[in-house]
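The block underneath contains the structure these notes are about, expressed in structure tokens.
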Amino acid sequence: MGLLRVMMPPKFQLLTLLAFAVAMFFLENQIQKLEESRGKLERAIARHEVREIEQRHTQDGQRERGEGLVGAGPVLGAGLVLGAGLPDAEDVVIIYNRVPKTASTSFTNIAYDLCGKNHYHVLHINTTKNNPVMSIQDQVRFVKNVTEWREMKPAFYHGHVSFLDFTKFGVKKKPIYINVVRDPIERLVSYYYFLRFGDDYRPGLRRRKQGDKKTFDECVSAGGSDCAPEKLWLQIPFFCGHYSECWNVGSPWALEQAKYNLVNEYLLVGVTEELEDFVMMLEAALPRFFRGATDLYKTGKKSHLRRTTEKKPPTRESTAKLQQSAIWKMENEFYEFALEQFQFVRAHAVREKDGELYLLAQNFFYEKIYPKN
């Protein structure tokens, strides 16, 4: 080969190298195409095997339950026999224990608009004086209703109620918890003006502090009770639950318990500032309930329905004064924790292109499924 290079003119040597490079590129391209074809074939085979297994399981389940046999009872469709247990998709219960002034009404109205079309029930949990803590006997009643009220399933429950651990009551199948949180000072400011001026949802309704014209900044400057740091303590206890320590203002234990519940007990917790992303991800994760929610949020009149009237943003001085308190630091730590978790989940679920968010396609499949028969 070395002698050949010496004998060949430089021009032919260059052409030979170029031809060799083109041939190698062509071979690599063909190998890559073969690898892609092999991957597609493996996925197709895996999908076929999964379908066969699902069909066998369905047939086995029908035989075990006596479905399709004489005297088995009338079939209602999709393998459901009258008197048998509910299929999983029809047995789902979602609980949205909404924190006040976090855009909860706007989000809940989406559920109301979709329930007829998507065939589920929406139930408002109305507690006396909006008390977020239930008595022990009401906890038992509520758990029993949620788990056994068959006529209301599938169901979407919502209300200003703190988190309730269903496992304490011996429940095998827990409901799906979701929620939304908001910047703690923004939430407090909104609630402050809401108590005085109401909102555009029910403008004629008289509010508890109606007639009080004092601004939030004036309240902070005067050290008023309605804008005190203690009023920030709400999102932590809502996630912490029905323990006495949850409602002890400034409790480090309550903060850690709220964090634990957020990551272990909630399917998804969004933030008010990014509500559209929250709606999109819920539609992807729970289409049985939220199919069509994203388009409804973008185009529906109710999606941005509730706005607090005459709300004035606080000055830097008022914000800085509240931020000096240990209570704000803890509530803000919880909010930042929730925000980071939400953004982490979103980063693995959607991509942004030209200012629009797109859900990622399924990125896993099954293979090497045994036994074959």
Side-chain angles (χ1 to χ4, degrees), residues 94-111 156 158 162-163 175-191 232-241 252 254-287 289-298 303-304 306 313-314 319 322-323 327-364:
I94 296 174
I95 295 181
Y96 172 34
N97 63 316
R98 44 195 284 196
V99 180
K101 305 314 296 177
T102 56
S104 60
T105 299
S106 297
F107 174 65
T108 303
N109 275 320
I110 294 175
F156 178 94
H158 68 97
S162 60
F163 171 77
I176 297 172
Y177 267 95
I178 62 172
N179 216 325
V180 178
V181 296
R182 187 177 185 179
D183 176 273
I185 292 181
E186 287 291 323
R187 195 206 65 78
L188 179 60
V189 171
S190 182
Y191 191 61
L232 292 167
W233 190 259
L234 193 65
Q235 298 188 133
I236 286 175
F238 258 74
F239 279 80
C240 181
L255 170 60
E256 294 307 313
Q257 184 65 31
K259 287 181 178 180
Y260 176 87
N261 287 342
L262 186 146
V263 296
N264 290 283
E265 303 292 346
Y266 284 78
L267 173 69
L268 185 65
V269 176
V271 293
T272 303
E273 297 79 5
E274 299 171 12
L275 192 61
E276 182 178 332
D277 299 5
F278 174 70
V279 171
M280 173 186 283
M281 291 162 65
L282 274 181
E283 181 174 358
L286 299 170
F289 285 79
F290 297 105
R291 185 178 290 107
T294 307
D295 287 341
L296 185 62
Y297 180 86
K298 291 179 178 178
S303 62
H304 305 282
R306 196 166 190 170
T319 300
L322 287 171
Q323 289 176 344
I327 298 169
W328 173 83
K329 291 175 182 176
M330 296 180 74
E331 275 282 344
N332 190 65
E333 180 181 337
F334 178 71
Y335 169 74
E336 293 289 345
F337 179 83
L339 177 61
E340 182 180 355
Q341 172 65 12
F342 175 69
Q343 291 177 341
F344 175 83
V345 175
R346 183 181 61 188
H348 289 80
V350 299
R351 288 290 181 269
E352 184 175 351
K353 183 179 180 182
D354 300 327
E356 293 289 333
L357 291 177
Y358 298 91
L359 290 165
L360 292 175
Q362 181 172 316
N363 199 28
F364 73 93

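Take R351 and apply the side-chain contact (heavy atoms from CB on, under 4.5 Å) test, not counting sequence neighbours, and it matches L360.
For residues 258-267, the pairs satisfying salt bridge (charged side-chain N to carboxylate O under 4.0 Å, His left out) are K174-E265, E256-K259, K259-E333, with sequence neighbours left out.
Rounded to the nearest 0.5 Å, atoms CG (N261) and CZ (F239) are 9.0 Å apart. Atom CE of M281 and atom CG of L359 lie 8.5 Å apart (nearest 0.5 Å). Atom-to-atom distance recorded for E336:CD and Q343:CD is 8.5 Å, nearest 0.5 angstrom. Note: K298 NZ to L296 CG = 12.0 Å, rounded to the nearest 0.5 Å. The distance from atom CD1 of I185 to atom OG1 of T319, rounded to the nearest 0.5 Å, is 5.0 Å.
Under a cut-off of 6.0 angstrom, the local environment of OH in Y260 is sparse, with at most 12 non-hydrogen atoms contributed by other residues, nucleotides or ligands.
Across F163, F334, Y177, a single residue satisfies side-chain contact (heavy atoms from CB on, under 4.5 Å) together with L262, and that is F334.
A donor-acceptor contact shorter than 3.5 Å links the side chain of Q235 to the backbone of R182. Proximity of a side-chain donor or acceptor of E331 to a complementary backbone N or O of P184 within less than 3.5 Å is not detected.
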Exercise for review: Test side chain to side chain contact (heavy atoms under 4.5 Å, CB included) on L282 and F107 and set out the steps.
Suggested key: CA-CA 11 Å; L282 274 181; F107 174 65; 3.5 Å; yes

Practice prompt. I would like to know whether Q323 and N332 meet side chain to side chain contact (heavy atoms under 4.5 Å, CB included); could you show each step before the answer?
Written response: CA-CA 9 Å; Q323 289 176 344; N332 190 65; over 6 Å; no

* **Working for side chain to side chain contact (heavy atoms under 4.5 Å, CB included), residues N179 and Y96** => CA-CA 6 Å; N179 216 325; Y96 172 34; 3.5 Å; yes

*asked:* Set out, in order, the CA-CA distance, both residues' side-chain angles and the distance that settles side chain to side chain contact (heavy atoms under 4.5 Å, CB included) for R98 and T105, then state yes or no.
replied: CA-CA 9 Å; R98 44 195 284 196; T105 299; 2.9 Å; yes

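Nearest heavy atoms, L286 versus I176: CD2-CD1, 4.1 Å. E283 and A293 make their closest contact through OE1-N, 3.5 Å (heavy atoms, listed as atom of the first residue, atom of the second, distance). Between A284 and P287, the shortest heavy-atom distance links the atoms O-CD, 3.7 Å. Taking every heavy atom of both residues into account, K101 and S190 meet most closely at CE-OG, 3.1 Å. Taking both residues in full, the closest heavy atoms of P237 and S162 are given as O-CB, 3.8 Å, listed atom of the first, atom of the second, then distance.
Taking the six-membered ring for Trp and thresholds of 30 and 60 degrees, F156 and H158 have ring planes inclined between 30 and 60 degrees apart.
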Enumerate, atom names and distances included, each donor-acceptor pair closer than 3.5 Å involving a side-chain atom of residues 266-280, sequence neighbours excluded.
residue : atom : partner : partner atom : Å
Y266    : OH   : N97     : OD1          : 3.1
Y266    : OH   : N97     : ND2          : 3.1
T272    : OG1  : T102    : O            : 2.8
T272    : OG1  : V181    : O            : 3.3
E273    : OE1  : Y335    : OH           : 3.0
E273    : OE2  : D183    : N            : 3.3
E274    : OE1  : R346    : NH1          : 2.5
D277    : OD2  : R346    : NH1          : 2.6

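Using a 4.5 Å heavy-atom threshold, the side chains of F238 and P100 count as touching. Side-chain contact between F290 and I94 is present, with heavy atoms from C-beta onward closer than 4.5 Å.
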